[in-house]
Amino acid sequence: MTDAPTQTGRRKGGLLVPLFACPSSLSWGGGDIGDVEMIAAWLAGAGQRVLQLLPINEMAPGQQSPYSAISAMAIDPIYIRVTDVTDFNAIGGESWLSEPDRARLDAARGAPRIDYAAVRALKRTALRAAFARFFEAEWCRDTERARALRLFLSQQAWWIEDYSVFRAIHARDAERPWTEWPAEWQRREPAAINTIRRELAREVLYYQYLQWQAALQWQRARARAHGVQLFGDLPFMVDGDSADVWARQHQFRLDATLGVPPDAFSASGQDWGMPVYRWDVIAGEDYRWLRERARRSADLYDGYRVDHLVGFYRTYGRPVDGSKAFFTPADQPSQVALGERILGLLRAAGAEIIAEDLGTVPDFVRESLARLAIPGFCVFRWERYWHTDGQPFRDPGAYPALSVATSGTHDTEPMIVWWEHASEDERQKVSRLPTIQGIAADAEFAHAPYDTKVRDVLLESLFAARSQILVLPIQDVFGWPDRINEPATIGDHNWTFRLPWHTDRLADVPEARECQTRLRGWAERYGRA
């Protein structure tokens with residue numbers, strides 16, 4: 001290979017597997033931190049070097065979308081493996097649960113999809129009991145474990161203090177948004193916050209304890225990842241009702257909401273309902289919060305995907321009073337300067353970054369990424385010469401070396417669904433690609449149903465891509481039709497997908513073993529192992 005190097009200098013491949021989607025037999029109904037080791041072991045056996053996760057930030061109450069976060073820093077306690085918590089085992093472990101709770105746990109473990117409400121309720125009950133034991137037996141006696149928590153809080157004070165106070169008040173106030181709290185709490189008046197901080201001291205400590213447990217488990221997971229790099233996902237924004245916005249209200253326009261303008265996918269655009277950055281204020285404070293987010297991400301991950309990359313160049317806002325929507329910054333030179341400044345500080349924290357540059361993205365943004373040597377995404381079905389007559393597909397062998405090749409994202413329909421609904425013209429154009437012809441050697445490929453041969457030809461063509469990085473959704477490597485998320489829809493069909501087998505039993509599943517062998521063969525053949 002003579003292609004230009006990535007930030008880490010080697011060709012590599014990996015899979016997108018949401019953490020919630022890969023439970024083991026030990027999990028409580030959804031994947032948790034303890035499952036990272038097992039899915040990473042399977043990936044390593046498949047010759048894969050990257051496990052791409054979706055955000056693991058704490059989700060807003062009642063939400064199940066990982067992009068709806070109540071904190072840009074905190075790990076969601078739903079990912080804590082309860083049976084690895086010392087204090088829970090000290091009170092008896094799962095045998096401590098009541099008979100009704102054990103029945104609910106069995107139901108959650110056996111459910112075909114993730115029941116977030118049930119999992120959260122079970123873990124909340126167990127973790128509350130574990131904390132009560134810790135508080136009495138450790139904290140009040142200033143034991144070695146109590147001192148370990150104090151050290152953790154000292155090291156993480158730069159984010160965990162605001163978060164834990166916010167979280168304790170939020171819970172006390174029946175999870176009402178902070179904009180409905182008493183005015184003195186909204187405005188963060190020092191005297192009022194100090195008073196409520198003292199009143200809720202034990203609750204504040206409880207939320208800090210949860211983050212300590214999550215951190216301990218995450219450190220173990222990274223150490224036991226079998227050489228597989230853990231990649232995260234940096235959401236462009238957090239909820240307006242979040243610890244971050246509450247603590248930095250002056251950095252956001254609360255009279256406007258974030259979204260995207262009308263495009264080929266939506267005639268009216270999208271309104272995400274989140275506040276808009278005040279870039280002038282953020283710049284005046286030297287981008288401190290974004291630097292902190294970069295630091296936190298580098299602490300957690302080997303690398304991460306920068307969500308909605310174009311928003312860091314130009315943010316699209318809609319005033320809540322219905323007046324004209326706007327971009328901020330307003331002019332292209334300022335947009336380029338902003339985007340490159342932010343990407344520079346994100347990368348400076350030490351983690352590798354890749355950029356989600358999909359959708360309607362101006363040419364100057366992709367030119368900027370090329371200057372910065374940051375890989376953007378090449379999604380097979382969308383890689384076409386759109387301004388050429390007939391709009392032919394681009395051959396994977398012609399993808400930029402500095403890119404991430406993929407068959408889809410967490411928001412797209414799986415490859416099997418795309419192929420089955422592709423027009424005759426699209427299939428013909430795909431079948432004429434040089435890489436496809438070299439692998440398929442079948443004149444009837446365009447007319448074939450989506451069987452294992454079609455699946456494998458399409459997948460192998462992406463392994464063969466010139467792109468230095470390859471990340472495939474796990475559904476596509478098996479040929480499943482299951483979606484992770486269907487944008488612009490709300491319901492239990494989103495974010496609840498889970499693998500059909502437990503991750504600690506993949507070695508016993510013939511289909512999983514066959515897939516592992518297939519992936520390793522391609523990884524070795526195309527220099528990604």
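Residues Phe131 and Phe88 keep their aromatic ring centres 6.0 Å or farther apart. If you look at Trp272 and His308, their ring centroids are closer than 6.0 Å. Ring-centre distance between Tyr67 and His410: below the 6.0 Å cut-off. Trp246 has its ring centre no less than 6.0 Å from the ring centre of Phe252. Aromatic pair Trp28/Tyr116: ring centres not closer than 6.0 Å.
For Asn89, the side-chain hydrogen bond (donor to acceptor under 3.5 Å, both in side chains) criterion is met by no residue, not counting sequence neighbours. Take Asp239 and apply the salt bridge (Lys or Arg N to Asp or Glu O under 4.0 Å) test, not counting sequence neighbours, and it matches no residue. Take Arg520 and apply the side chain to side chain contact (heavy atoms under 4.5 Å, CB included) test, not counting sequence neighbours, and it matches Glu524.
The one candidate from Trp159, Trp181, Tyr207 that meets the ring-ring contact (aromatic ring centres under 6.0 Å, His included) condition with Phe166 is Trp181. No option in Lys12, Arg49, Arg10, Arg347 other than Lys12 meets the salt bridge (charged side-chain N to carboxylate O under 4.0 Å, His left out) test with Glu352. Each of Asp35, Leu54, Thr496 was evaluated against Phe20; a single residue qualifies, Leu54, per the side chain to side chain contact (heavy atoms under 4.5 Å, CB included) test.
Atom SG in Cys378 sits 10.0 Å away from atom CG in Leu402 (nearest 0.5 Å). Note that the CH2 atom of Trp495 and the CD atom of Gln64 stand 9.5 Å from one another [nearest 0.5 Å]. Taking CH2 of Trp42 as the reference point, atom CG of Leu51 lies at 11.0 Å (rounded to 0.5 Å). To the nearest 0.5 angstrom, Trp185 atom CH2 is 14.0 Å from Thr179 atom OG1. Expressed to the nearest 0.5 Å, how far CD1 of Ile33 lies from CD of Gln219 amounts to 10.5 Å.
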Stepwise salt bridge (Lys or Arg N to Asp or Glu O under 4.0 Å) check, Arg455 with Asp476: CA-CA 8 Å; Arg455 178 198 67 190; Asp476 286 350; over 6 Å; no

Pair Arg381-Glu413, salt bridge (Lys or Arg N to Asp or Glu O under 4.0 Å): steps then yes or no: CA-CA 11 Å; Arg381 70 193 71 174; Glu413 71 270 21; 3.6 Å; yes

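Judged purely by distance below 3.5 Å, without hydrogens or angles, the side chains of Trp522 and Glu460 pair a donor atom with an acceptor atom. A donor-acceptor pair shorter than 3.5 Å cannot be found between the side chains of Gln211 and Gln156. Side-chain contact check for Ser27 and Arg109: no donor-acceptor pair (N or O, by modelled atom type) lies under 3.5 Å. Thr143 and Glu138 share a donor-acceptor pair across their side chains, judged by distance under 3.5 Å alone.
For the pair Val17 and Leu53, the tightest heavy-atom approach, listed with the atom from each and the gap, is O-CD2, 3.3 Å. Between Gly30 and Pro23, the shortest heavy-atom contact is C-CB, 3.6 Å. Taking every heavy atom of both residues into account, Arg518 and Val477 meet most closely at NH2-O, 3.2 Å. Smallest separation of non-hydrogen atoms from Arg81 and Ser24: NH2-OG, 2.9 Å. Here the closest non-hydrogen pair linking Ser242 and Val238 is OG-CG2, 3.4 Å.
A donor-acceptor pair is defined here as one N or O able to donate and one able to accept, closer than 3.5 Å; no such pair exists between the side chain of Thr412 and the backbone of Gly408.
Around the CG atom of Asp492, the shell of radius 6.0 Å holds no more than 12 heavy atoms that belong to other residues, nucleotides or ligands. The environment of Arg128 atom CZ is dense: over 12 non-hydrogen atoms of other residues, nucleotides or ligands sit within 6.0 angstrom.
Taking 4.0 Å as the cut-off between side-chain N and carboxylate O, Arg120 and Asp115 do not count as a salt-bridged pair. Using a 4.0 Å cut-off between a side-chain N of Lys or Arg and a carboxylate O of Asp or Glu, Asp508 and Arg505 do not qualify as a salt bridge. Remark: Arg222 does not engage Glu37 in a salt bridge, criterion side-chain N to carboxylate O under 4.0 Å. Of the charged side-chain nitrogens involved, none lies within less than 4.0 Å of a carboxylate oxygen, so that Arg483 and Asp411 do not count as a salt-bridged pair. Ion pairing between a basic and an acidic side chain is recognised when a charged N comes within 4.0 Å of a carboxylate O; Glu292 and Arg296 show no such pairing. Under a 4.0 Å N-O distance rule, the pair Arg104/Glu99 does not qualify as a salt bridge. A salt bridge is defined here as a Lys NZ or Arg NE, NH1 or NH2 lying under 4.0 Å from an Asp or Glu carboxylate O, and Arg176 with Asp241 fails to meet this definition.
Annotation: cation-pi pair Arg150/Trp212 absent, no NZ/CZ under 6.0 Å from the ring centroid and within 45° of its normal.
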